[in-house]
Amino acid sequence: MLVTISCTRPVGAEWPATDLGYLLHKNPSRRQTFEQSYGVAHVLYPEASDDRCTVALLLEIDPVQLVRGKHKGTPDFSLGQYVNDRPYAASSLLSVAISTVFGTALHGRCAQRPELTETPLDLRIELPAVPCKGGPEYAERVFAPLGWTVVATPLPLDPAFPEWGDSHYVRIELTGTLRLADALAHLYVLLPVLDGSKHYWLDAAEIDKLLRFGAGWLTGHPEREWITRRYLTRRHTLVRAALARLAELDDAAPEELDAIEADADDDAADAAAEATGDAAAGSGGDATESAETEERAPSLAVLRRAAVHRAVLATGASRVLDLGCGQGALLLELAADRAFGEIVGIDVSMRELKIAARRVRRLPEWQARRVTVRQGALTYTDASLKGYDAAVLMEVIEHVDATRLRALEQAVFGAATPGAVVVTTPNSEFNVRYDGLAAGAFRHSDHRFEWTRAEFADWAHRVGAAYGYAVRFEPVGPVDAEVGASTQMAVFTRNNGFTENHDGDEKGAA
Ligand code: SAH
């Protein structure tokens, strides 16, 4: 992935074009390399003369590093995570690189040539491949009003097969006389806006930067609505990514669109608690429910945990499994309830488990000693999961491939056979109520499916019948007359009525 920025010395100007190097704080005579969390950024100057100077910012992106980085709340094993256009196309990662490698120039600062930061320069920017789903005219529509002459050329899908038509990538050439800081800000904000796909924002401060660098020119832009809409859609991703980065402070899985605003506040509370070393307040759940947060309507994540907590309590369970416990928000909530004698969190993701374990360790001792977390894959039978009173699958089944779901059903309902099973999953009918969610899109990139109420009921009735469980349903979150509630919950209770002696059962297994 590459961008080049050329500066031509105006006729009669006193300064050489190579002063671009001062503005960028990068010496034209050297090639420099900057380690980034997603790969490596190189800065080099293919030409550097008094009349014309060109800088190239070249990103070598490692898709595997992108996946391994802390950019996601949950693992995603799909091939698309590894094989994608990120190494080749100028997208949000280029924005990130501009802000990290050319940060001082983006802020319009230059100690050696302060006057040049304010001088409009004759610039030419070339971007060989920009994902531009709306077509080349969108490049024109967003850059031209800012003073750029835009040439946007669609790239063929495959030059060897012209009949296949164009791809959604365009080559963009921008020429104009602008301040360098403005040019960088335009790229910084507009490249991710043109690219409609999921972004990998690397730190929470990106949110502020995006607002700051757009502020000067966006209000007067004829396409401000479209740009802002795209930007706001992205903002969900930004906030989610920011939450993922702050994972250990997070109060819920960072995937819930519905929980973003409230959880962001909880994070702030947690972060503050962390900073002051207040372990109790940092433990999430009740402790973070300060006077201020109580006034707000509780987030869906909070409502969901409360509904699951109530449902498990109503089964009379004492020993409880939290299957796919993630970062352990429910574990913490159950740990504070003396009704539960043993709480076990299982998850396939070591990363999530580490966070859960750390949060459990911060609990008061009487709570922490009843909680264990360990790794496990729910699609494989695990004898140690047998004999529990209840199991929770909160926002988990939709992360399992439809073809593997049968294996999970067998492992949980067929082999572990808890007395009750509480399952929650998104109600896909409710998705139309989320403005930021495109029609037909899932709430999270790792979701393999999202079900309507009828689909969930079909599944639950089939599983109940196959394994001998009665099932009842409950909406979670405010109920919309037309589309129902955002989350749907099924509570399964084992039919056979025999009251197993769990101690005896364990001895038998030993
Ligand atoms: N229950 C938590 C987390 C939900 S996110 C909450 O509601 O906050 C889904 C979780 O399921 C992730 O942590 C993911 O790692 C876990 N998961 C997905 N597939 C799994 C599998 N096959 N075995 C175990 N855990 C799995």
Side-chain angles (χ1 to χ4, degrees), residues 1-37 40-59 90 92-127 143 146-149 172-192 201-203 205-221:
M1 187 213 284
L2 177 73
V3 58
T4 59
I5 303 173
S6 304
C7 171
T8 313
R9 173 163 64 169
V11 182
E14 308 263 291
W15 47 274
T18 46
D19 275 3
L20 181 65
Y22 284 111
L23 280 175
L24 293 169
H25 295 258
K26 301 288 174 283
N27 186 338
S29 61
R30 287 199 286 134
R31 198 198 85 186
Q32 282 178 268
T33 296
F34 302 87
E35 290 291 336
Q36 308 278 298
S37 59
V40 184
H42 302 278
V43 176
L44 55 146
Y45 289 78
E47 69 179 318
S49 70
D50 286 354
D51 289 330
R52 201 176 132 99
C53 180
T54 299
V55 66
L57 172 61
L58 189 148
L59 303 192
S92 57
L93 289 180
L94 186 55
S95 280
V96 174
I98 286 172
S99 72
T100 54
V101 177
F102 295 145
T104 315
L106 179 62
H107 283 90
R109 290 195 296 263
C110 178
Q112 286 100 335
R113 298 285 186 279
E115 70 292 347
L116 266 192
T117 63
E118 291 307 318
T119 310
L121 308 177
D122 291 333
L123 297 175
R124 176 182 173 82
I125 297 177
E126 293 183 31
L127 295 143
F143 282 110
L146 301 170
W148 294 104
T149 302
I172 297 179
E173 293 161 29
L174 306 171
T175 41
T177 306
L178 288 94
R179 293 184 333 134
L180 182 66
D182 291 336
L184 294 174
H186 297 163
L187 294 178
Y188 180 82
V189 173
L190 293 175
L191 289 176
W201 293 93
L202 300 179
D203 74 60
E206 298 296 340
I207 299 162
D208 299 336
K209 289 185 200 158
L210 200 58
L211 284 170
R212 179 148 29 99
F213 296 125
W217 46 268
L218 197 54
T219 45
H221 197 296

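For the numbers below, each heavy atom of this structure counts, side chains included, while hydrogens, waters and symmetry mates do not. Sequence positions, counted from 1, serve as the residue numbers for this chain.
Using a 4.5 Å heavy-atom cutoff, the side chains of Trp148 and Leu178 are in contact. Using a 4.5 Å heavy-atom cutoff, the side chains of Arg30 and Tyr45 are not in contact. Using a 4.5 Å heavy-atom threshold, the side chains of Leu190 and Leu146 count as touching. For the pair Arg179 and Thr119, the minimum side-chain heavy-atom distance is 4.5 Å or more. The shortest distance between side-chain heavy atoms of Leu20 and Leu180 falls below 4.5 Å. Side-chain atoms of Phe102 and Leu57, non-hydrogen and from C-beta on, do get closer than 4.5 Å to each other. A heavy-atom distance below 4.5 Å is found between the side chains of Asp122 and Pro10. Side-chain contact between Ile5 and Leu24 is absent, with no heavy-atom pair separated by less than 4.5 Å.
Rounding to the nearest 0.5 angstrom, the gap separating the CG atom in Leu127 from the CG atom in Leu94 is 6.5 Å. To the nearest 0.5 angstrom, Cys7 atom SG is 9.5 Å from Arg52 atom CZ. Taken to the nearest 0.5 Å, the CG atom of Leu106 stands 7.0 Å off from the OG atom of Ser99. In this structure, CG on Leu2 lies 5.0 Å from CG on Leu58, to the nearest 0.5 angstrom. Atoms NE2 and OG1, from His25 and Thr104 in turn, are 4.5 Å apart once rounded to the nearest 0.5 Å. Note that CG of Leu121 and OG of Ser6 are 12.0 Å apart. Values are rounded to the nearest 0.5 Å.
Between Arg109 and Thr117 the shortest heavy-atom distance is C-CG2, 3.9 Å. For Leu93 against Leu59, the heavy-atom pair with the smallest separation is O-CD1, 3.7 Å. Here the closest heavy-atom approach between residue Asp50 and residue Thr18 is recorded as OD1-OG1, 4.4 Å. Heavy atoms only, all atoms of each residue included: Ala105 and Leu184 are closest at CB-CD1, 3.7 Å.
Pairs of residues two or more places apart, or lying in two chains, that qualify as salt bridge (Lys or Arg N to Asp or Glu O under 4.0 Å) and include a residue from residues 8-23 are Arg9-Asp51, Asp19-Arg113.
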**OP:** Could you walk me through whether Arg124 and Thr8 pass the side chain to side chain contact (heavy atoms under 4.5 Å, CB included) test, one step at a time?
**Re:** CA-CA 8 Å; Arg124 176 182 173 82; Thr8 313; over 6 Å; no
Subject >> Trace of the side chain to side chain contact (heavy atoms under 4.5 Å, CB included) decision for Lys26 with Val55 >> reply: CA-CA 9 Å; Lys26 301 288 174 283; Val55 66; 5.7 Å; no
**OP:** Take Trp217 and Val189 through the side chain to side chain contact (heavy atoms under 4.5 Å, CB included) test and state the conclusion after the steps.
**Re:** CA-CA 11 Å; Trp217 46 268; Val189 173; 3.7 Å; yes
Subject >> side chain to side chain contact (heavy atoms under 4.5 Å, CB included) assessment of Trp15 paired with Glu115 >> reply: CA-CA 11 Å; Trp15 47 274; Glu115 70 292 347; over 6 Å; no
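The environment of Tyr22 atom OH is sparse: at most 12 non-hydrogen atoms of other residues, nucleotides or ligands sit within 6.0 angstrom.
Side-chain contact of Glu47 with Thr54: a donor-acceptor pair under 3.5 Å is present, judged by distance alone.
Residues satisfying the side chain to side chain donor-acceptor pair (under 3.5 Å) criterion with Thr33, sequence neighbours excluded, are Arg31, His42.
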